[in-house]
Number of protein chains: 2
Amino acid sequence: MKLQLQIKMNEALFIRNPEQSELGRNIIQHSIQLIYKQGFEAFTFKKLAEDIGTTEAGIYRYFENKHKLLVYLTAWYWGWLEFQISYHTNNITDPVVKLRRVIKLLATAVEDDELTGYINETLLHQIVISEGSKAYLTKQVGEDNKQQFFKPYKDLCRVIGSIITECNSKYKYPKSLASTIIEMAHFQNFFMYNLPSLTDFGKAKKETEIISFLNDLVFSSLKKS
Amino acid sequence: MKLQLQIKMNEALFIRNPEQSELGRNIIQHSIQLIYKQGFEAFTFKKLAEDIGTTEAGIYRYFENKHKLLVYLTAWYWGWLEFQISYHTNNITDPVVKLRRVIKLLATAVEDDELTGYINETLLHQIVISEGSKAYLTKQVGEDNKQQFFKPYKDLCRVIGSIITECNSKYKYPKSLASTIIEMAHFQNFFMYNLPSLTDFGKAKKETEIISFLNDLVFSSLKKS
DNA sequence: TTTTAATGATAGTAATACTATTATAAATAA
DNA sequence: TTATTTATAATAGTATTACTATCATTAAAA
């Protein structure tokens, strides 16, 4: 039996649903490769079209602009990650063990998920690290938020926040701590490879060190005094 | 006596030093206003030139492109902030008190500094919150780093890191904790106003809450066990 | 006073970020 | 089966962006 994992996406993110056609899936697959290689600023629909072997106008039938495509990709990633988390923390009753597992999942380079055919999670994870913040660090963040574009990110944050509350019901900042863990899992990774003096992992360049740092940070805060 | 504060800037960031001419200072002053108003993506040298009453080519004589200008502005801000910190923590011997003061300075909206004529620190602080990460979240981060563009940020991080070590010499992640404080002082602020469900400060929208969160985070981690 | 340096005015180019039109092929419905 | 809808390909075109180049003018320095 071959399973397939589908993430339900916000319809307002696209013009035509890219999951439902060969061209659409090609757009997703190749945009991940191209953004990964060239960075979001240098990425254009023209280059993407050439890569795929279609025309610029063809891409525009699926996505209004490259910002929407980036938001789509990151939203997909957050949705996928929430599933990973619920899958890998299933059956775990101890919230502390659960939270450790979550931190590990957030900070570890992901291997390609076989259940999602045309999406390379390893590359997408790198894109979320380097470009993810650009999805919301814009002037339109308010409008985008009204259209629920960031719901997957907020859902993930809520899930992690409630595990935090399970660990310590007195802790006052579960959601801020959750968003801190998420952001820092990525930023410390980016810093480690690109601006190592902003971290303490410069020499080793090991994700396990980021995990240790985050565990220390989180569980010191949650320790009942 | 009228004092004037000068931040020494990296020469590779500009073509002509903007501090040394009326036009140059206008470029800095108006770019801060324009980026604040329109956001970095919508900001162009053409609009800036119109704003100032000069020509596009005039701007290009000072800055190679808008990326370099953004890096210049953020670098200036980090340099200025490091001075603020050294000024406001001067004479404080207790590193814990010092660190609390640093967190407050990082997370508080700044009032306009009279010592720096043409720069509006309040607006610049907002720009650093919303656009600051875009200065390094690029494909050229490696080259930019080689040219020392991020030195002011790294210096600030080192300074805060050493205060952290003063607080607890056994703590293993002083630099990562420092970059976490800096980034989260800004991100939690951005989230509070734009994506409030990612924080626990949605209702109050008070910076004092961010300060409390950061203090709790930091001093839990530094508590000697 | 001559030279240099900074600015203003103007033009021009390649690339980007789109929109529009028409033809064709493939899938679906009558 | 034909007729109709739908997706795509091919092509063209526009406004804006991100620059570079040239030349005249003005102000400052030698």
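In what follows, chains carry the letters A, B, and so on, assigned in the order in which the sequence lines appear, proteins first and then strands, with residues in each chain numbered from 1. Computed from a predicted model, the values in this text were never measured in an experiment. Keep in mind that the numbers below use all heavy atoms, side chains included, and drop hydrogens, waters and symmetry copies.
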To the nearest 0.5 angstrom, please state how far the [atom1] atom of [X] sits from the [atom2] atom of [Y].
X       : Y        : atom1 : atom2 : value
B:Phe40 : A:Leu137 : CZ    : CG    : 12.5 Å
A:Ile59 : A:Leu69  : CD1   : CG    : 8.5 Å
B:Lys37 : B:His30  : NZ    : NE2   : 9.0 Å

Margin query: Checking side-chain contact (heavy atoms from CB on, under 4.5 Å) between A:Leu99 and each of A:Thr89, A:Leu214, A:Ile164, which is the one that passes?
Written below: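 Testing each of A:Thr89, A:Leu214, A:Ile164 against A:Leu99, the sole residue satisfying side-chain contact (heavy atoms from CB on, under 4.5 Å) is A:Ile164.
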Contact span of DNA chain C against chain A, any nucleotide atom under 4.0 Å from a heavy atom, 5' to 3', runs C:dT16 to C:dA20
- Considering heavy-atom distances to DNA chain D, does B:Ala57 or B:Tyr60 have its closest nucleotide positioned more toward the 5' end?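 Result of the comparison: B:Tyr60.
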Under 4.0 Å, counting only non-hydrogen atoms across every strand here, what does [X] touch: a base, just sugar-phosphate, or nothing?
X       : result
A:Glu64 : sugar-phosphate
B:Glu56 : base
A:Tyr62 : sugar-phosphate

Ranking A:Arg61 and A:Phe43 by the position along DNA chain C of their nearest nucleotide, the one closer to 5' is A:Phe43
With sequence neighbours left out, the residues meeting side chain to side chain contact (heavy atoms under 4.5 Å, CB included) with A:Glu143 are none
Opening and closing nucleotides of DNA chain D in contact with chain B, under 4.0 Å to non-hydrogen atoms: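 Reading along DNA chain D, I get D:dT17 to D:dA21.
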**Prompt:** Could B:Lys139 and A:Tyr36 be counted as a cation-pi pair, given that NZ or CZ must be under 6.0 Å from the ring centre and within 45° of the axis?
**Reply:** yes
Scanning both residues in full, the closest heavy-atom pair of A:Phe63 with A:Ile15 reads C-CD1, 3.9 Å
### Query
Between A:Tyr136 and A:Thr74, is any side-chain donor less than 3.5 angstrom from a side-chain acceptor?
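Not at all, the side chains of A:Tyr136 and A:Thr74 share no donor-acceptor pair under 3.5 Å.
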